[in-house]
Structure formats: C-alpha cells, structure tokens
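Each chain gets a letter, A, B and so on, in the order its sequence line appears, and its residues count up from 1.
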There are 2 protein chains.
Amino acid sequence: MYSIFHQIKLPINEKLFLKDPSTTTVGQKMLDESILLINELGFEKFTFKKLAVTISSTEATIYRYFESKHKLLLYLINWYWCCISTRLLFETTNIIDPKIKLQKAIHLLTSIPNPKKENLLMNEFLLKKIVINEASKVIQTKEVDNENKDGVFTLYKNVVFTVANMINEVSPDYRFPNMLVTSMIEGSSQQHFFAEHLPRLTNAEVEKDFVEVFYQELIFKTIQNDTI
Amino acid sequence: MYSIFHQIKLPINEKLFLKDPSTTTVGQKMLDESILLINELGFEKFTFKKLAVTISSTEATIYRYFESKHKLLLYLINWYWCCISTRLLFETTNIIDPKIKLQKAIHLLTSIPNPKKENLLMNEFLLKKIVINEASKVIQTKEVDNENKDGVFTLYKNVVFTVANMINEVSPDYRFPNMLVTSMIEGSSQQHFFAEHLPRLTNAEVEKDFVEVFYQELIFKTIQNDTI
DNA sequence: GCAAATATAATAGTAATACTATCAAATTTG
DNA sequence: CAAATTTGATAGTATTACTATTATATTTGC
C-alpha cells in the first residue's frame, strides 16, 4: 500500500473513473501527486502530461484510469466530501444537545484544518484548498445536469442534508435549511479565497477564525425563532 | 451606433482590452454576440473563432481588441457591475429610511431581472446569467493577484462597499458587513445555479423569489442588535 | 514455479485550441 | 484626396486533450 490514507475503500461514484485508482500503486500515486500539482499550478495549467512526468509514468496510463482531467478533479472533490462525511459522523455522534452538534458541524465546514497538527490531515488540507480554489470550475459547466444524473454529487448532497437536519433539530420552523447550509459551505470557501486574494472584501482584521465566527453567528441568528 | 446600450461611455478598466470595443461597430458586435454565445455554449466551449464567424469577422480582428477570451469575460463581468452600480445609485437615492434602502439593494443583487418587461434589460439579464454561470472561472485563478493590482475588481469592490455602508447605517455595531455582502452576492448566484441544476440543494418549492426572500430574512436577522 | 492474462511504458499521431504574423483591401480621418 | 488606420484573408506555431499500437513488465491462477 502506498500510504495509510488509501486503506479505506472510498465510496466514490464509479462513473468518475475508468479503473479505480485507489486499488493500485500507480493509481494512488496519481491521486496523491495530482493534489500537489493542482495546488501548485492551478487546474487550468495542470495537465496529464505533467502529472505523468511527476509520477514517472505516461499520459496513456493516466487515461486508462480517468477519462479526462475534469473527471479527475470531480474524483478529488468527491474524495474530499468522503473525508468530511466521515468526520461529520465521527465528531457529532453521542452529542445530545442539538445546538452543540450544529456548532461542531459549522466548525468542520467553515474552518481550515491545520496540517501541522496531524500528518493524517495533510491530504484533507490539500483537498480543501482544491475545493476552495477549483471546485466551481467543474461544477458550473454545461455538463452538470448529466453528471448529476450519474449521481456524482450524492456525497455532497448527503452532507448538506445531514447538516440541514441538524438545523431542523434546533429550529423546526426555519424554512430554508438547505439554502442556509449550501450558502455556508460555498460561502466559506469564497471567504477564504477572498481573505487570501482580495482581503478588503472581507473583514479579516477582526479575528483569526473570522470565517467560522461569521458563520456561527449568522446561522444561529438566522434560525432563531424571533416571535416575541 | 450599434445599439442604445452602448451610448454611455463605460468606466471599464483599460487593462482589460487592447482597443476599446465600445468605440467601434465591430467591437460592439463582439460584446453583444459574445454575451449570446457564452450563454449558449458555456465559457469552455466558447472560442474567438466561433465568435468571429457569428459576427462575420476574423479571429485576428478580435485579438486586436482582446488579449484572450479570459480578458473578454472579465470585461463582460465588469460591464455587468457597471450596470449594477448605476442602478444601485439610481434606485436608492432620495430614500431616507436606511432599512428600505438596504432592502432595495438586496432586491437588486439577489433577484434576476425580467427581460420581457423591458427590452433595455435584455443585455443585463444575459450578463447576470454569465455572472452566475461563469464568473468564478475567471476570478478563481492564479492570475487573481496580478489582476487585482491592475484594478480589475474595483467596480465590484465599490458595489460591495456601498452596500456594506448601508448595513452600517442600519446596524453600526455589526462586525462583518463586507463578508455579509459578498456572501450574499456570491451566494445568490450559487443559489440560482443550484435552483436550476441541483434543486434539492435549495428550498425552491417554498416561494417564487425564494432566493431574495432567503437573503432579506437572513441579512436583517443577522445584523439586528439582539441585546435584550 | 510457470503459463496466461493483464497492466504499464514508450512512442506516435490527430484534431482542436489559443494564439501570432503578414499583407492587401477597405475605411476613416485630417 | 492623400495618409493613416482598421479590417479581412490567410497562414502558421505551440500546446493540449485525447487515441492507437506494441513491446515489456507485472500480477494472477493453477
């Protein structure tokens, strides 16, 4: 096995690959090195040719695993949502207070993990960066409807529904739980991006974990029942 | 003049074009037809070659106006923010009540204009669709820092600051006005996209103008001063 | 431990794209 | 009306995204 990270069988949609990369050494190398390369070059300048060189393999071999670089990126994003699903389950079980449960979910989804604390989180950290910087490029396409039919967004949707249910437990009357969750998930990515590149568009100076603080406050204020 | 839409000199950043397209007939054709073509094909499949054919011109001519299709899209997005700036000013002047002012701004930024009502809004409608579907692709790139230095995002930033000030007028103590505005602007695009392609991620069944209703409620609840 | 099946590397090649260059014809401007 | 500029027509380049072929490894079944 190439690394401990690949020991768990990933429930990633089979339409995203031609041959399951998680089952072979070259495949795992492709995944690990593509994460690094996409972070380094950005998705536009990332090519299978360059990936082939860094893993000392060939374009032809990569094409036997992935139909296109578009599908590879979708695979990586699904891999990220796999990690998040698992951690969401793990970190909220046995917590009785629905408010604390929701708080933990918001923390998981809006903050950036610290890769230095635990080495196991390195890939998750790199995947989160990819989600922040590149995800919209493969979702906002003319292919989205077909890919949705193939079930490519199921993992993401399940995370949304899980957190929406948590909101429902706290405030059963709130009308837009799904919209609130997606706007938090997508918005926090955006805010992290802005904080790095267009800081005047954020209010970053206020606090360190400002994105999380912003959303913790926003969500609890929004769902509170304000009938006096 | 090609159309009434081009009679106003646009304050669009000069680094976005090699030759100002709004000053010539071919240039205006490029703008008008590129809006249609990008909506039809999506930005990935849109090419200068195809645009050249539809305006009965050549690639070379288009390249004399725009360095790349990336810059053309940035130009169009700036054009959109020009329209919004103007309307934001126009529709909120002489309104004294800061809450109503903010409501109007939220309406302008979160709802989709109806192109059937007024023909003048057709281009703005098409531009909004481009902003919804394509904007993130040209902003979330490795070029963002250089383009920001060139002032390419100034128009957008000014809209954000204007609305952030309105929030400040309603609630001077709210700590994250800029983040709230950007999360509304980017979030409403996302919600409109989801409503069309991944409807289960939204709560679209509830109301027609659900995106606007969602944000009107969210923003006023979030900025309210809840010291009892 | 060996034959059969499969995966990979090496190489070549294609169509499309994102540009650049050249120059004559058309158009605008002074 | 002459000079300057803009455009159209054409050609060409480097890169990319992907396909095809075949010899050589490597794995797997027995």
Side-chain angles (χ1 to χ4, degrees), chain A residues 1-2 6 15-34 37-38 40-76 134 137-138 141-143 146-147, chain B residues 1-2 6 14-34 37-38 40-76 134 137-138 141-143 147:
Chain A
M1 277 290 167
Y2 185 70
H6 299 287
K15 302 236 172 176
L16 289 178
F17 50 79
L18 302 169
K19 185 178 156 69
D20 190 341
S22 68
T23 60
T24 66
T25 312
V26 243
Q28 288 164 20
K29 264 183 167 175
M30 279 174 210
L31 297 178
D32 289 333
E33 293 299 323
S34 67
L37 256 183
I38 291 172
E40 190 188 323
L41 305 173
F43 187 61
E44 290 82 3
K45 291 187 181 166
F46 166 83
T47 66
F48 277 3
K49 180 86 208 133
K50 289 172 188 167
L51 178 58
V53 172
T54 61
I55 63 169
S56 308
S57 181
T58 61
E59 264 185 289
T61 300
I62 299 170
Y63 274 107
R64 242 174 268 116
Y65 285 84
F66 295 103
E67 217 176 297
S68 63
K69 71 173 190 170
H70 173 90
K71 288 275 165 78
L72 168 59
L73 182 49
L74 277 175
Y75 183 99
L76 296 178
E134 322 289 351
K137 293 168 198 168
V138 279
T141 68
K142 296 274 175 188
E143 302 306 313
N146 289 326
E147 283 164 353
Chain B
M1 275 290 167
Y2 185 72
H6 299 286
E14 297 196 354
K15 301 236 174 177
L16 289 178
F17 50 80
L18 301 170
K19 184 178 156 68
D20 191 341
S22 69
T23 60
T24 67
T25 312
V26 245
Q28 288 163 20
K29 265 184 168 175
M30 279 174 211
L31 297 178
D32 289 333
E33 294 298 323
S34 66
L37 256 184
I38 291 173
E40 190 189 323
L41 305 173
F43 187 61
E44 289 83 3
K45 292 186 181 167
F46 166 84
T47 66
F48 277 1
K49 180 86 208 131
K50 289 171 186 167
L51 178 58
V53 172
T54 61
I55 64 169
S56 309
S57 182
T58 60
E59 264 185 288
T61 300
I62 299 170
Y63 274 106
R64 245 173 262 118
Y65 285 84
F66 295 102
E67 217 175 297
S68 61
K69 70 172 190 169
H70 173 89
K71 287 276 165 76
L72 169 57
L73 182 49
L74 277 174
Y75 183 99
L76 296 178
E134 321 290 350
K137 294 168 198 168
V138 278
T141 68
K142 295 274 174 188
E143 301 306 312
E147 283 164 355

Taking all non-hydrogen atoms of both residues, which atom of [X] and which atom of [Y] are closest, and how far apart?
X     : Y     : result
B/G27 : B/Y65 : CA-CE2, 4.1 Å
B/K29 : B/I55 : O-CG2, 3.8 Å
A/A52 : A/I62 : N-CD1, 3.5 Å
A/I38 : A/L76 : CD1-CD1, 3.7 Å
B/Y63 : B/L18 : O-CD1, 3.3 Å

Polar-atom pairs under 3.5 Å, protein N or O versus N or O of nucleotides 12-14 of chain D: list them with distances, or write none.
none

Measuring from atom CG of B/L37 to atom OG1 of B/T47, what distance do you get when rounded to the nearest 0.5 angstrom?
8.0 Å
Measure the spacing between OG1 of A/T141 and CZ of B/F43 and express it to the nearest 0.5 Å.
14.0 Å
Terminal axes of the helix from C/dG1-D/dC30 to C/dG30-D/dC1 (5 end pairs apiece), angle rounded to 10 degrees, sit apart by 40°
Please list, chain by chain and in numerical order, all residues satisfying side chain to side chain donor-acceptor pair (under 3.5 Å) with B/E44, sequence neighbours excluded.
B/K137
Distance, rounded to the nearest Å, where [X] contributes [atom1] and [N] contributes [atom2]:
X     : N      : atom1 : atom2 : value
A/Y63 : C/dA10 : OH    : C1'   : 17 Å
B/H70 : C/dC19 : NE2   : C1'   : 15 Å
B/L18 : C/dT20 : CG    : C1'   : 13 Å
A/L73 : D/dA17 : CG    : P     : 13 Å
A/K29 : C/dA9  : NZ    : P     : 8 Å

Is it the case that more than 12 heavy atoms not belonging to [X] sit under 6.0 Å from its [atom1] atom?
X      : atom1 : result
B/K142 : NZ    : yes
A/K50  : NZ    : yes
A/K49  : NZ    : no

Identify each atom pair where a protein N or O and an N or O of nucleotides 4-8 of chain D are less than 3.5 Å apart, giving names and distance.
residue: D/dT6; atom: OP1; partner: B/K19; partner atom: NZ; Å: 3.2
residue: D/dT7; atom: OP1; partner: B/Y65; partner atom: OH; Å: 2.8
residue: D/dT7; atom: OP2; partner: B/Y65; partner atom: OH; Å: 3.2
residue: D/dG8; atom: OP2; partner: B/S57; partner atom: OG; Å: 2.4
residue: D/dG8; atom: OP2; partner: B/T61; partner atom: OG1; Å: 3.0
residue: D/dG8; atom: O6; partner: B/R64; partner atom: NH2; Å: 3.2

Return each pair, listed once, that meets salt bridge (Lys or Arg N to Asp or Glu O under 4.0 Å) where at least one residue sits in residues 59-70 of chain B; pairs must be two or more places apart or across chains.
B/E67-B/K71
Kindly assign one of parallel, tilted or perpendicular to the pair A/F46 and A/F48, based on the angle between their ring planes and the thresholds 30° and 60°.
perpendicular
In residues 40-51 of chain B, what residues come within less than 4.0 Å of DNA chain D, judged by heavy atoms?
none
